[in-house]
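Please read the structure below before turning to the comments.
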2 protein chains.
Amino acid sequence: MKSLTRGQVARASGVGAETVRFYESEGLLPPIPRSSSGYRYYTEDTVQRLNFIRRAKKLGFNLKEIKELLSLHDNPHASRAAVKTLTETKLTEIEKRIVDLQRMREVLAHLAAECSGEGPISGCPIIQTLESGESEE
Amino acid sequence: MKSLTRGQVARASGVGAETVRFYESEGLLPPIPRSSSGYRYYTEDTVQRLNFIRRAKKLGFNLKEIKELLSLHDNPHASRAAVKTLTETKLTEIEKRIVDLQRMREVLAHLAAECSGEGPISGCPIIQTLESGESEE
DNA sequence: CTTGACCTTGTAGTTAAGTACAGGGTTTAC
DNA sequence: GTAAACCCTGTACTTAACTACAAGGTCAAG
């Protein structure tokens, strides 16, 4: 099987070469075989694993969660339910973040609409709202 | 005018006492008058300013941006337009974050729906997607 | 006049996910 | 046979916004 250096797996999977080492130190990669001079020799498997990590990151999983996903992936006795639970938990979290941001968006849009953008700072409705907290709960 | 200690302004505005000192070091608070023994003596103005900061944070502004808002607030010659611009920029940024999160939500919801949650890990559609990146651009 | 709560300063640690060296060894291409 | 490009390790730095000391000084209550 063709073996790859760290820089090569990095390029092949679109992550930084130092990041590969970082992931290894965080336990996201299994021990990598070494040459007699200490060089790590990766296989295509690591490229796949780095792609897995990259895709999971894009879905909002953090490295701790990705580590869990990977260990489920690696364990043939793991249950599909565990994967589904992680996914649903992340979904719920993302939805909460969306709600929070939507709340901010509404207030910001309201403020931007309220402010003419003309005239001096005194009387600016945005500043006034920040000063006195109209919509405070 | 009644003067307040650091702990008192902190409690009155709902931020931590150390945070008050941190904000001062970051330039979000003006120089605070001191007693002869070195104690800072705050006034109600600082409570207002801390509330301003807290409210701006709730709208998604970071401290650097809040510092800009405060310096506009403090400058009688500042223009309302500058405040509006900061607000609109933040609005745009929040909207982008919402879009990004919505994309994640859609994929996660799709994956969660696709996975029965039953059976072994092999063949789990969530894991398979992470492995092979169905929806990669 | 003592005790305890508070204040002062400076500094260091926290979290997340990298990123950037320095100082050395190895491999590859010419 | 040498120079460039790469790899090794360990460590420190990065960003944001705090948070947590430690060692000492002060203030208010009783």
Side-chain angles (χ1 to χ4, degrees), chain A residues 2-29 31-43 46 49-70 90 93-94 97 100 104, chain B residues 2-29 31-43 46 49-70 90 93-94 97 100 104:
Chain A
K2 195 156 142 280
S3 77
L4 303 164
T5 66
R6 183 152 57 94
Q8 286 168 338
V9 283
R11 271 189 297 277
S13 56
V15 311
E18 288 292 86
T19 303
V20 175
R21 192 161 67 104
F22 171 68
Y23 286 166
E24 183 182 350
S25 78
E26 293 291 296
L28 279 81
L29 302 180
I32 310 293
R34 305 290 188 115
S35 75
S36 57
S37 59
Y39 276 35
R40 293 171 185 83
Y41 282 108
Y42 300 87
T43 64
T46 301
R49 203 169 177 90
L50 291 170
N51 278 321
F52 185 109
I53 294 168
R54 197 175 39 70
R55 291 185 195 109
K57 271 177 67 62
K58 250 176 91 177
L59 292 179
F61 291 102
N62 62 33
L63 295 188
K64 181 164 170 295
E65 290 155 350
I66 294 172
K67 198 171 165 181
E68 290 181 61
L69 285 169
L70 284 167
K90 182 54 60 179
E93 180 199 315
I94 297 286
R97 279 160 63 185
D100 288 347
M104 293 180 196
Chain B
K2 196 155 144 278
S3 79
L4 302 164
T5 66
R6 183 152 58 96
Q8 286 168 338
V9 283
R11 273 189 296 277
S13 56
V15 311
E18 287 292 88
T19 305
V20 176
R21 192 161 66 104
F22 171 67
Y23 285 166
E24 183 183 350
S25 77
E26 293 292 296
L28 279 82
L29 302 180
I32 309 292
R34 305 291 187 114
S35 75
S36 58
S37 58
Y39 277 35
R40 293 171 186 83
Y41 282 108
Y42 299 87
T43 65
T46 300
R49 203 169 178 91
L50 291 170
N51 279 322
F52 185 109
I53 294 169
R54 197 174 40 68
R55 291 186 196 110
K57 271 177 66 63
K58 250 175 91 178
L59 291 180
F61 291 102
N62 62 33
L63 295 189
K64 181 165 170 294
E65 291 155 349
I66 293 172
K67 198 171 164 182
E68 290 181 62
L69 285 170
L70 284 167
K90 182 54 60 179
E93 180 200 315
I94 297 286
R97 280 160 63 185
D100 289 347
M104 294 181 195

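Naming: A, B, ... by sequence-line order, numbering from 1 per chain.
For DNA chain D, the residues of residues 15-26 of chain B within the heavy-atom distance limit of 4.0 Å (strictly under) are B/E18, B/T19, B/R21, B/F22, B/Y23, sorted by number.
Atom C1' of nucleotide C/dA16 and atom CZ of A/F61 are separated by 17 Å, given to the nearest angstrom. One interatomic measurement links the two molecules: OH of A/Y39 to C1' of D/dT9, which rounds to 12 Å at whole-angstrom precision. Atom CD1 of A/I32 and atom C1' of D/dC8 are 15 Å apart (whole Å). To the nearest angstrom, C1' of D/dT19 lies 12 Å from CZ of B/R6. Here the C1' atom of nucleotide D/dC7 and the CG atom of A/L4 are 14 Å apart, to the nearest Å. Atom pair B/L28:CG and D/dA16:P shows a separation of 13 Å (rounding to whole Å applied). One interatomic measurement links the two molecules: CG of A/L29 to P of C/dA17, which rounds to 15 Å at whole-angstrom precision. Rounded to whole Å, atom C1' of D/dA16 lies 12 Å from atom CD1 of B/I66.
At a threshold of 4.0 Å, the pair B/E24-B/R21 does not count as salt-bridged, since none of the basic side-chain nitrogens sits closer than that to a carboxylate oxygen. The pair A/E26-A/K64 does not count as a salt bridge, with every side-chain nitrogen at least 4.0 angstrom from each carboxylate oxygen.
Residue A/R34 has its side chain nearest to D/dT9 when only D/dT26, D/dT9, D/dA17 are considered.
Between B/Y23 and B/I66, the closest side-chain pair of non-hydrogen atoms is not below 4.5 Å.
When the nearest nucleotides of DNA chain C are assigned to A/L63 and A/Y41 by heavy-atom distance, the more 5′-ward of the two goes with A/L63.
Proximity of a side-chain donor or acceptor of A/R54 to a complementary backbone N or O of A/S13 within less than 3.5 Å is detected.
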